[in-house]
Amino acid sequence: MESGQQLDWKNLGFGYHPTDYNVRCYYRNGQWGEWEVSSSDMITIPMASTCLHYGQESFEGLKAFRGKDGKVRVFRPEENAARMQHTSRGILMPELPTERFLEALDMVLHLNKDFIPPYESGASLYIRPLMIGLGKQVGVSPASEYMFLMFVTPVGAYFKSGFRPSPMAIMRGYDRAAPLGTGQYKVGGNYAASLRSGVLAHDKGYSAVIYLDAKEKLYIDECGPANFFGIRGKSYITPKSPSILPSITNKSLMQLAEDMGLTVECRPVHVEELATFDEAGACGTAAVISPILRVDDLDEDKSYVISKDGNPGPICTALYERLRAIQYGDYPDNHGWVRLYEDL
């Protein structure tokens, strides 16, 4: 296994690189057990597990950043714990308490500290919590046993082009999630549902698909695996829908927008509003903000140009720089968002 010191930090892609350890915990007989440390990146599960047959599975994604001061910061892990609990309630899995989630985080970071990329390398340590149903079922019902696992992997920038606007597409023949389905939960099935349209969009030269609501095809839902937002004047506008996964990055950007004097609107956003935005972007853990160059509505033969000069807009740029500065410790953490480690 390659050690952290041997990695070419500046040329890491956004992919999986093995690290030394992961941590695991099992839920049996109505309670969570003790932590187990594993050096294997393999798991053994029964072939009749509910995660394999009925989709009882959830995951999260967050990052650790090494600052100029040498300290390590993780951005809003309590929010990831809370969102995972929300998903557990939605698909009838046991909730892992926040304090146990943070225990796993502390352990996995200390066990893999050599893989936390250095400051200004452009890389970070991606943290993946995962929960799966292990109970053996052939009938459709919740499992009686579960496993929670947390592993880490160093990653580079999500987009090789960096913080640059890219074109996105509306493809009305595809839905990511039904209005009252699992869209608000972070489960793998939602991502499987987006694979076909995502690959088709990439083949046509687009970076992501902007999904419209599945019922009326009039309102913007999600933007690929991220949330959508638009800037109009001094307003930060982001869609509200029961099928959107609440993004921790978007929640943070809304607060920063308010801090910068913008009005925040979280409401249904009609697709034709795309013609009125000065700036727009997709936001999420992987890229923070992916500015949008234009949106092509492929079925309606319409194109909405967002960036007139091909560059990120001033508000997108300010929000992106402010959020990243907080994550790396280069700007005061006025909202208490980062979990600080001084011994890594």
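None of these values were measured; they are calculated from a predicted model.
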Would you list the pairs meeting side chain to side chain donor-acceptor pair (under 3.5 Å) in which at least one residue belongs to residues 279-294, sequence neighbours left out?
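Those involving residues 279-294 are R294-D296.
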
Under 4.0 Å between a side-chain nitrogen and a carboxylate oxygen: does that hold for [X] and [Y]?
| X | Y | answer |
| --- | --- | --- |
| R128 | E60 | no |
| R232 | E273 | yes |
| E265 | R267 | yes |
| D330 | R324 | no |
| E145 | R28 | yes |
| K217 | D221 | no |

Which atoms form the tightest heavy-atom contact between [X] and [Y], and what is the distance?
| X | Y | result |
| --- | --- | --- |
| P154 | L125 | N-CD1, 3.7 Å |
| G233 | D278 | N-OD2, 2.7 Å |
| L253 | C283 | CD1-CB, 3.6 Å |
| G33 | C25 | O-SG, 3.1 Å |
| K136 | P46 | CG-CB, 3.5 Å |
| G284 | T249 | C-OG1, 3.2 Å |

Does N29, at its CG atom, have more than 12 non-hydrogen atoms belonging to other residues, nucleotides or ligands within less than 6.0 Å?
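Count not over threshold, so no.
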
Hey, is CG on D301 packed in by over 12 heavy atoms from elsewhere, all under 6.0 Å?
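At most 12 heavy atoms, drawn from other residues, nucleotides or ligands, come within 6.0 Å of this atom.
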
Is the distance between the ring centroids of Y126 and F14 under 6.0 Å?
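Ring-ring flag for Y126/F14: true, centres closer than 6.0 Å.
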
Ring centre gap for Y320 and F163 strictly below 6.0 Å
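They qualify: ring centres under 6.0 Å apart.
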
Looking only at the side chains, is there a donor atom on one of [X] and [Y] sitting less than 3.5 Å from an acceptor on the other?
| X | Y | result |
| --- | --- | --- |
| T98 | Q85 | yes |
| Y185 | N190 | no |
| E95 | H86 | no |
| Y146 | T50 | no |

Heavy atoms, side chains only, cut-off 4.5 Å: are Y26 and L134 in contact?
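Counting from C-beta outward, Y26 and L134 do come under 4.5 Å.
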
Can you tell if the side chain of P129 reaches within under 4.5 Å of the side chain of N80, non-hydrogen atoms only?
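No, side chains not in contact.
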
Show your reasoning for whether salt bridge (Lys or Arg N to Asp or Glu O under 4.0 Å) applies to R24 and E36.
CA-CA 5 Å; R24 310 173 183 200; E36 300 177 12; over 6 Å; no

Before giving the answer on ring-ring contact (aromatic ring centres under 6.0 Å, His included), spell out for F148 and Y27 the whole-Å C-alpha distance, their side-chain angles and the decisive distance to 0.1 Å.
CA-CA 8 Å; F148 174 85; Y27 181 90; over 10 Å; no

S58 vs T87, side-chain hydrogen bond (donor to acceptor under 3.5 Å, both in side chains): CA-CA, chis, key distance, verdict:
CA-CA 7 Å; S58 70; T87 296; 5.6 Å; no

Does R66 make a cation-pi contact with Y328, if we ask for NZ or CZ under 6.0 Å from the ring centre and within 45° of the axis?
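No, cation not above the ring by the 6.0 Å, 45° rule.
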
Keeping to residues at least two apart or across chains, list the salt bridge (charged side-chain N to carboxylate O under 4.0 Å, His left out) pairs with something in residues 246-257.
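The answer is E79-K251.
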
Classify the ring geometry between F229 and Y236 as parallel (under 30°), tilted (30 to 60°) or perpendicular (over 60°).
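If you compare the ring of F229 with that of Y236, the planes turn out parallel.
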
